[in-house]
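Okay, so here's the structure we're looking at.
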Amino acid sequence: MLFSDVVAISSEVAATSSRKAKTTALAGVLRRLEPAEVATATALLAGELPGGRAGVGWSTLASLQVAAAPEPTLEIGDVAGAIDEVRAISGSGSGQRRTDALTGLLGLATEAEQRFLVRLFGGELRQGALEGVMIEAVAAAAEVPTGSVRRAFMLSGRLPATAEAALSGGEPALAEFHLELGRPIRPMLASPAETLDTALDEFTECSVEYKLDGARIQVHRDGDEVHVYTRTLREITRNVGELVALVRGLDCRSVVLDGETLALDDAGRPRPFQETMARFGAQEQRDELLHPYFFDCLHLDGTDLLDLPLRDRLKALSQVAAAHRIPGVLSPAPDDAAALFEEALARGHEGVVIKDLSSPYAAGRRGKAWRKVKPEHTLDLVVLAAERGHGRRSGYLSNLHLGARDPDGGPPIMVGKTFKGLTDELLTWQTAEFQRRATGDDGWTVHVVPELVVEIELDGVQTSSRYPGGVALRFARVLRYRPDKDAAEADTIEAVRGMLRGG
DNA sequence: TTCCGACAGTGGGGTCGCAAT
DNA sequence: ATTGCGACCCCACTATCGGAA
């Protein structure tokens with residue numbers, strides 16, 4: 001099939017807001033593909049680069065000016081091959097050759113195909129369909145239940161391979177996928193809950209566990225062979241020798257564990273997330289060791305446990321890794337759950353996760369069997385500027401620059417940005433207000449008279465080398481504007497710095 | 001008819017490795 | 001040596017569609 005047919009379908013998908021229409025269009029093209037094209041086309045239409053990221057971003061793309069081809073000639077297979085070539089060159093490290101390869105591909109593409117490729121490499125296809133809609137489309141094209149596709153996707157970790165199996169072999173082929181030692185599965189995620197009590201009310205029986213501020217890990221062991229994967233299924237075994245050694249020492253033949261890892265200080269308290277990430281991301285060993293905290297067991301000595309209820313998986317976890325199990329309580333009374341929450345915070349952790357003890361392991365957030373609760377903090381900050389938005393926020397002033405008050409009376413000190421929490425109504429309002437107060441505009445950012453105060457919710461602050469005050473907000477979002485306050489009543493930089501310890 | 005779960009989109013701070021300067 | 005880029009760690013929130021209640 002011609003690549004231009006894929007691009008045309010993408011345009012059709014983008015043109016409708018109906019998910020059913022998107023699904024129908026995508027299913028239609030999936031059915032018409034040659035078997036060898038299914039994997040590539042599935043990736044392309046799910047907004048993924050076939051084969052994974054290729055070391056090319058917006059900056060590189062913006063620097064290229066390539067004349068478009070007059071007629072479409074590229075086949076789907078040609079595009080996959082060209083992307084693989086670009087990726088291989090990125091890995092070997094020649095910028096000029098990479099540019100040549102990219103230019104070659106774009107030169108064979110029509111204008112519409114070029115626009116598609118640029119958005120694809122940039123990671124922003126913006127056709128209103130990604131993984132979720134594509135799962136529906138694969139199920140429709142193969143005439144199998146969506147649940148079968150979801151499960152195969154969870155187990156294989158790869159949507160293109162899942163689509164290939166579904167379209168070539170139907171439900172029996174999908175049922176062939178199992179948990180394999182050495183192949184990571186997509187992890188189950190937690191969704192936010194309002195409060196601890198509302199989360200507790202959702203389940204008849206639950207587990208309440210610490211929520212740690214580290215990185216997710218999935219550990220596979222088969223005999224002496226150990227592999228460690230991240231939340232996005234990237235293998236990081238070589239980065240974390242201490243975890244490999246620890247898992248190799250567990251009393252079992254084979255196991256798959258799900259957990260979190262982080263670095264601790266000498267007192268056993270968690271180090272700042274930045275320090276955990278520095279250790280986690282570095283290929284060479286450093287002084288700080290990573291500590292694992294496991295909270296699920298998906299396989300033990302030849303038996304898959306995915307479909308068992310959490311309470312049984314936790315029994316297996318205690319059997320194999322009791323010393324490295326995350327702190328938590330089973331079926332606590334509300335007071336005991338609250339006490340555990342307070343204890344987690346007192347020990348420097350993020351909060352707690354509440355889990356349905358009867359739930360099987362299922363990737364994604366469906367069913368909300370896992371809920372997370374964190375304390376929220378707020379600050380009243382001054383709006384210094386706003387950036388123009390993209391996509392559906394085009395025409396609005398969107399991303400706010402936020403400043404804390406200088407107690408010595410100087411201008412506010414910038415501590416971060418946020419675009420979150422804004423409704424369309426608020427976007428409209430602030431765009432008008434900022435234009436009225438504009439003091440400068442570089443085409444990208446509009447600076448304003450620093451007089452509007454906005455109440456910001458955040459998870460905490462962290463040290464920063466980017467901002468002049470030495471601190472930056474973490475996960476900041478707008479709660480509301482404070483027309484009752486002026487800049488002289490905003491929180492000070494000292495108040496922001498005061499949140500560095502004890503969150 | 002109303003409610004609510006799942007999705008996509010819109011971006012945030014910070015860290016690493018690596019190539020270009 | 002420094003800087004910029006790209007990939008990934010962590011992530012919250014709103015609008016919308018369409019099935020569930």
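Proteins come first, then strands; the chains are lettered A, B, ... in the order of their sequence lines, and each starts at number 1.
Pairing for B:dG14 is with C:dC8, a Watson-Crick or G-U wobble pair whose two hydrogen-bonding atom distances lie under 3.5 Å.
As judged by a 4.0 angstrom heavy-atom cut-off over every strand, A:Ala476 is placed among residues making no nucleic acid contact. Heavy atoms of A:Thr423 sit under 4.0 angstrom from primed sugar atoms or phosphate atoms, though from no base atom. In this structure, A:Lys374 reaches the sugar-phosphate backbone alone: every heavy-atom distance under 4.0 Å involves primed, P, OP1 or OP2 atoms, never a base. Within the 4.0 angstrom heavy-atom criterion, no nucleotide atom of any strand lies near A:Thr261. Contacts of A:Val478 with the nucleic acid, taken as non-hydrogen atoms under 4.0 Å apart, are absent. In this structure, A:Asp213 reaches neither bases nor backbone, as no heavy-atom distance under 4.0 Å exists between it and the strands shown. Using a 4.0 Å heavy-atom criterion, one finds that A:Arg53 contacts the sugar-phosphate atoms exclusively. Note on A:Glu124: nothing from the nucleic acid sits closer than 4.0 angstrom, heavy atoms only. Backbone-only contact: A:Ala54 has heavy atoms under 4.0 Å from sugar-phosphate atoms and none from a base. Residue A:Thr230 is classed as a sugar-phosphate contact, given heavy-atom separations below 4.0 Å to backbone atoms only. A:Thr60 comes within 4.0 angstrom of sugar-phosphate atoms only, judged by non-hydrogen atoms across all strands, and of no base.
Annotation for A:Arg325: atom CZ counts as buried by contact number, over 12 foreign heavy atoms lying within 6.0 Å. Residue A:Arg216 qualifies as enclosed at atom CZ: its count of foreign heavy atoms under 6.0 Å is above 12. Heavy atoms of other residues, nucleotides or ligands lying less than 6.0 angstrom from CD of A:Glu143 number 12 at most.
Of all heavy-atom pairs between A:Pro270 and A:Gly348, the closest is CG-O, 3.2 Å.
Distance CH2 (A:Trp429) to P (C:dT14): 17 Å, rounded to an integer number of Å. The distance from atom CD1 of A:Ile135 to atom P of B:dG5 is 19 Å, rounded to the nearest whole Å. Rounding to whole angstrom units, NZ of residue A:Lys417 and P of B:dG12 are separated by 5 Å. The NZ atom of A:Lys211 sits 12 Å away from the C1' atom of C:dA12 (whole-angstrom rounding). Rounding to whole angstrom units, CZ of residue A:Arg392 and P of B:dA8 are separated by 15 Å.
Taken residue by residue, residues 40-51 of chain A places no heavy atom nearer than 4.0 Å to DNA chain C.
For the pair A:Arg477 and A:Phe419, the cation does not sit on the ring face, since its NZ or CZ is not both under 6.0 Å from the ring centre and inside 45° of the axis.
For the side-chain hydrogen bond (donor to acceptor under 3.5 Å, both in side chains) criterion with A:Tyr210, the lone passing option out of A:Glu343, A:His349, A:Glu350 is A:Glu343. The side chain to side chain contact (heavy atoms under 4.5 Å, CB included) with A:Val219 is formed by just one residue from the set A:Val247, A:Asp258, A:Val256; it is A:Val247.
In this structure, A:Gln462 does not reach the B:dG13 phosphate: none of its side-chain N or O atoms is under 4.0 Å from OP1 or OP2.
Of the N and O atoms on the side chains of A:Gln96 and A:Ser94, not one donor lies less than 3.5 Å from an acceptor on the other residue.
The base of B:dC7 sits within donor-acceptor range of the side chain of A:Arg19, with an N or O pair under 3.5 Å.
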